[in-house]
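Note that ligands are numbered from 1 as they come in the structure, with each ligand's atoms numbered from 1 the same way.
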Amino acid sequence: MLPPAPVPLDSQSRTRLVFGSGSLGRLGALAREVGMKRVLLVTDRGIVGAGHADRAEAFLRAAGLVVARFADVRENPTTLDVGSCLEMARDERIDGFVGLGGGSSMDTAKGANFLLTNGGEMKDYWGVGKATFPLLPLIAIPTTAGTGSECQSAALIADPISHQKMACLDPKAAARIALLDPELTVSMPQRVTAVTGVDAIAHALETAVTTRRTAISSMYSRAAWGHLMSAFPLVLKNPADLMARADMLLGSAMAGLAIENSMLGAAHSMANPLTAHFGIAHGIAVGLVLPHVIRFNAKSPEARREYSQLAAQLESPGAGDDEEGGVHRLVHSVHIAMQLGGVPPDLRTAGVEERLLPQLAVEAAQQWTAKFNPRSLNVADFSDLYCAAFQPFSMQA
Ligand SMILES: [Fe+2]
């Protein structure tokens with residue numbers, strides 16, 4: 001059950017948002033504003049190949065900064081990746097980080113920032129508020145529209161052996177500035193646009209109903225939902241549509257702000273074991289289970305009301321005002337968006353082995369996001385949800 005209103009809140013925007021087409025050109029001035037003189041640009045080879053790293057570096061140097069580049073970021077960064085980045089940060093005696101890329105670049109920069117300023121190992125920061133000393137300033141520049149990491153104070157770093165992701169949350173780790181330039185997202189391959197977009201849509205939906213949701217997080221969830229659902233079909237149809245790219249980038253950043261206040265829910269709990277066992281991309285894994293989680297959560301009256309309001313946001317007046325119908329229409333909208341995003345229709349098609357469903361359910365129940373879901377779940381509930389997602393999808397369920 002959701003807590004009764006009014007839900008208390010303690011909310012402070014820690015990250016300054018700078019948004020605009022071509023706003024990368026402000027990077028040098030912004031870095032100086034937050035006191036940087038020697039920066040480490042943390043990025044990946046794809047971003048270097050797209051020319052974005054060179055441009056970012058040129059803007060920093062033009063403003064008189066000394067720049068070192070760590071371009072070895074890998075997807076789902078581990079403690080080993082953070083260690084390599086830390087080594088360079090130490091050698092270069094930097095006083096600030098710029099994370100340029102997807103969530104992995106920002107996570108790697110945040111991870112190295114924890115260790116550079118507070119010492120120890122990543123596992124020391126697993127949990128909430130474990131850092132003692134301030135971290136160096138970070139400017140986060142997303143080149144995908146999905147994770148919302150640029151607006152979050154969490155670093156997600158995996159153990160290299162178990163692949164378990166450690167969520168290291170600390171307000172000190174939040175980026176000082178999120179620089180949102182939609183032009184940087186135009187180079188995203190279609191598949192990345194689709195997968196990251198699905199993830200962002202899931203963030204808007206999950207944050208809208210968690211037990212942690214507040215008036216502030218709800219505002220971000222609804223705004224994100226509106227931006228993302230209107231722009232997602234457009235950006236898939238025409239990748240060069242800068243207005244749609246801008247909506248996706250704003251939507252994913254707002255969903256990130258919602259996560260910062262509201263956390264996530266059961267779809268993310270179920271997605272992580274799918275990624276760990278079958279290598280299914282995070283956005284796809286979330287998308288595979290999302291409609292089923294919505295149906296499960298809609299048995300909570302508060303979640304049902306919120307879902308029907310999200311459905312109404314997409315509709316012309318008079319589409320229907322009963323909450324049951326609203327949930328049905330929401331599941332339909334989400335299902336269409338998942339299809340557009342290339343999410344397979346069910347777990348079987350996605351290559352999941354049926355015999356492992358019980359094990360996945362045990363692991364999903366251990367995920368930290370499960371405890372914020374509007375309806376509490378036990379292993380049997382997760383098992384039912386995985387079984388439902390394994391069957392061919394039906395709007396009649
Ligand atoms: Fe996600």
### Selection residues 81-91 - residue pairs positive for side chain to side chain donor-acceptor pair (under 3.5 Å), sequence neighbours left out
R74-D81, T78-D81
#### Entry: Aromatic ring pairing H292/F393, orientation class (parallel under 30°, perpendicular over 60°, tilted between)
perpendicular
#### Entry: N261 (side chain) donor-acceptor with A258 (main chain) under 3.5 angstrom
no
### Query
Judged by atom type as modelled, is there a donor-acceptor pair below 3.5 Å linking the side chain of W225 to the main-chain atoms of L310?
yes
### Query
Charged N to carboxylate O below 4.0 Å: is that the case for R26 and E33?
no
#### Entry: Presence of salt bridge, E260 and R14, under 4.0 angstrom
yes
### Query
What are the protein N, O or S atoms, given as residue plus atom name, that sit under 2.8 Å from the Fe ion (ligand 1)?
D199 OD1, H203 NE2, H268 NE2, H282 NE2
